[in-house]
Amino acid sequence: MDASSNVAVIVRGHPLGIASVAASVVVGLEARPIQVEVCSSRGPSFFQLVGLAEAAVREARVRVASSLASLDVLLDEYAITVNLAPADLRKAGATLDLAMALGILVALGRIGEHALEGTLLLGELGLDGTLRPVRGLLPQLDGAKRRGLHAAIVPAANAIEAGIARGIDVHLARNLDEVVQHLTRRRTLPRALATPFAPKATPTFGDLSEVRGQATARRALEIAAAGAHNLLFIGPPGSGKTLLARLMPGILPPLEFDEAVECTSIHSVAGLLPPEQGIVTERPFRAPHHSVSEAGLVGGGDVPRPGEVSLAHHGVLFLDELAEFRRGALEALRQPLEDGVVCIARARARAWFPARPVLLGAVNPCPCGYHSHPRRRCVCSDEARKRYRARLSGPLVDRLDIHVAVPPVEVSALTSVNRAESSAAVRTRVDRARSIQRERAARLGLSTSVNATLTRSELETVAALDRDSRRLLEAAVEKLGLSARAFVKVLRVARTIADLEAQERVRASQVAEAIQGRLLDREIPR
Ligand SMILES: Nc1ncnc2c1ncn2[C@@H]1O[C@H](COP(=O)(O)OP(=O)(O)O)[C@@H](O)[C@H]1O
Ligand SMILES: [Mg+2]
């Protein structure tokens, strides 16, 4: 129906009532306030929706009218106009249903106009008035609090996620009828109970004690876990790169509450949080296939959704067979890896998502995979190998803190009866190094509590170099042509190695080990 043709109808009819109730939508991870304004009059029946509504919101008319009919409120005799303000923000999804239905009931005089003051309404309606769970509840409850609202009514199916929000009175309803009874004081809706937080270890596919040999790769994994550094494994097929990477979650410290809140918001907005789970309790481990699109990896879409790099926030993003990923997708990863956030610009809105995973990559050393293998011959031409290496050493790899070789497992290690150290033992050291970093961050007021994100100027204080270390680094810069970015990364990794040894000052031996972790810089002089 053309909106302008209805204006006359409203003016000719007898206005019955006006209502304005609070709702919101999420853009990225931010709640944007929406005011649902309803004007009703007796007259030729219509139900129009204005205010830049997407298809799912326009269809709300059907769900809302049918839900109201289930309460014996028939809209046949009314002319109803619903305006979603602000008009210049595109609204998608079905979470505005509940606010529209209640706005209409207020406008029709079925609910007192003050009953909904200061209350956020969120929920998708079924045709029979059932309230269905919504995406992105947690950021919207936070947004409501910041907007000065003191209460919210949300679907009961969202109870666990609702229980994470603090400082707002959240009521749970199973259907529209329960909400109406609550607002007309015939019954009281239950409040969301505070959700208990019990972090769990991310299930892994085994234990480090099952890995044979590979001392250097194990050490790199431990350093990466201790300082939240990005890490690339380079080695022939079958050397255990995938195996090792999948064991990373087992040596990371458990998720903290604040981190869990962020992870929960991201998964909730993405629609990947089963309502019965309600809160993320494990560090995420995401391993997208190499065919993943740019939008799938970093986020995107008309209604911006988080990509793998954000879904892995506070956890691990594992890119197996890194060289096989689309070039565009990998290039799009560069900015989030540097800044820790993804920004998606759209014509009418800008969405952002946090993106600070530990990135793990695995690649073969050459197209056939057997370059510098002790027992097998590489069949790649020099030219092919060079091209392949140049692709790896591109700007993405420069942003990885550590690259190490994972050679084929030594025969003696395969047959040895000695069991290697367990994941639990390694995690004890990682935990200790993490708490040293946390204490230092608190003591010095640093911007971050993990070494991987220390700024250059913070490094000058926390990783001050002695004379030997300085000489070593200068030589490395000259010989390897380390970029300024790589230089900073070496300092951060050296700081982590010192933390694993519980040492206050960074020493030359630690700087040397950090330089060893720049395999690609060492092999491909610029
Ligand atoms: N160092 C190792 N110790 C124990 N098992 C290993 C080791 N390296 C490889 N394997 C086993 O060999 C198989 C191939 O390993 P995988 O991790 O897929 O190698 P890659 O990813 O380097 O090609 C796996 O079943 C793995 O369990
Ligand atoms: Mg593999």
Side-chain angles (χ1 to χ4, degrees), residues 202-225 229-252 285-292 297 308 312 315-326 329-330 333 357-380 384-385 388-389 391-393 396-397 400 402-427 430 516-517 519-520 523:
T202 307
T204 58
F205 308 85
D207 192 278
L208 273 173
S209 59
E210 292 151 23
V211 176
R212 306 267 164 178
Q214 303 301 15
T216 309
R218 292 176 67 109
R219 170 79 173 157
L221 203 65
E222 176 172 340
I223 294 169
H229 300 288
N230 299 326
L231 168 63
L232 180 66
F233 286 139
I234 307 165
S239 59
K241 303 182 296 295
T242 303
L243 173 72
L244 280 158
R246 289 188 170 276
L247 295 176
M248 173 69 129
I251 60 170
L252 286 172
F285 182 88
R286 308 283 307 184
H289 187 254
H290 55 69
S291 61
V292 68
L297 195 58
E308 293 290 339
V316 176
L317 176 65
F318 176 37
L319 304 183
D320 205 358
E321 311 292 354
L322 187 79
E324 307 292 320
F325 280 70
R326 294 169 205 220
L330 291 183
L333 256 188
V358 168
L359 177 69
L360 288 187
V363 279
N364 292 340
C366 65
C368 83
Y370 293 105
H371 179 60
S372 70
H373 193 287
R375 296 180 292 275
R376 295 187 60 159
R377 255 176 57 108
C378 168
V379 297
C380 306
R385 202 157 53 223
Y388 184 86
R389 282 295 179 113
R391 214 159 66 142
L392 289 188
S393 68
L396 176 68
V397 167
L400 300 179
I402 307 169
H403 357 117
V404 293
V406 187
V409 195
E410 312 82 358
V411 180
S412 60
L414 276 180
T415 54
S416 158
V417 289
N418 296 334
R419 263 182 103 74
E421 208 181 11
S422 70
S423 294
V426 176
R427 201 172 101 185
V430 169
Q516 284 300 308
L519 179 72
L520 290 172
E523 291 201 345

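Excluded from the calculations below are hydrogen atoms, water molecules and symmetry mates; all remaining heavy atoms, backbone and side chain alike, are included. Start at 1 and go down the list; that is how both ligands and their atoms are numbered.
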For ligand 1, find out whether one of its N or O atoms is nearer than 3.5 Å to an N or O atom of [X].
{"X": "Gly240", "result": "yes"}
{"X": "Leu243", "result": "yes"}
{"X": "Gly238", "result": "yes"}
{"X": "Ser239", "result": "yes"}

Atom 25 (O) of ligand 1 within contact range, any protein heavy atom under 4.0 Å: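 No, because not a single protein heavy atom sits under 4.0 Å from atom 25 (O) of ligand 1.
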
Measure from atom 9 (C) of ligand 1 to the protein's non-hydrogen atoms and state whether any distance is below 4.0 Å.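 Under the 4.0 Å cut-off, atom 9 (C) of ligand 1 does have protein heavy-atom neighbours.
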
Just by distance, with hydrogens left out, do Ser422 and Asp207 show a side-chain donor and acceptor under 3.5 Å apart?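 Ser422 vs Asp207: no donor-acceptor pair found between side chains.
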
Heavy atoms, side chains only, cut-off 4.5 Å: are Leu400 and Leu231 in contact?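 No, every pair of side-chain atoms sits at 4.5 Å or beyond.
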
Under a 4.5 Å cut-off applied to non-hydrogen side-chain atoms, are Ser372 and Cys378 in contact? no

Numbering as shown, the atoms of ligand 1 that approach Val211 to under 4.0 Å (heavy-atom distance): 1 (N), 3 (N)

Heavy atom of the protein closest to [atom] (residue, atom name, distance):
{"atom": "atom 4 (C) of ligand 1", "result": "Glu210 O, 3.5 Å"}
{"atom": "atom 18 (O) of ligand 1", "result": "Thr242 CB, 3.8 Å"}
{"atom": "atom 3 (N) of ligand 1", "result": "Arg212 N, 2.8 Å"}
{"atom": "atom 22 (O) of ligand 1", "result": "Lys241 NZ, 2.8 Å"}

Among Val363, Ile234, Asn230, exactly one meets side-chain contact (heavy atoms from CB on, under 4.5 Å) together with His403. Which residue is that?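 Among the candidates, only Ile234 passes.
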
Please check: side-chain N/O of Arg246 versus main-chain N/O of Phe318, any donor-acceptor pairing under 3.5 Å? no

With a 3.5 Å distance limit and no angle check, can you tell me whether Arg218 reaches the backbone of Glu421 through a side-chain donor-acceptor pair? yes

Distance filter under 2.8 Å, centred on the Mg ion (ligand 2) - protein N, O or S atoms that pass it: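 Listed by chain and number, the nearby protein N, O or S atoms are Thr242 OG1.
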
Could you tell me whether ligand 1 has any atom less than 4.0 Å away from a heavy atom of Pro236?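 The answer is yes: ligand 1 sits under 4.0 Å from a heavy atom of Pro236.
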
Test item, Pro237 contacting ligand 1 (heavy atom, 4.0 angstrom): yes

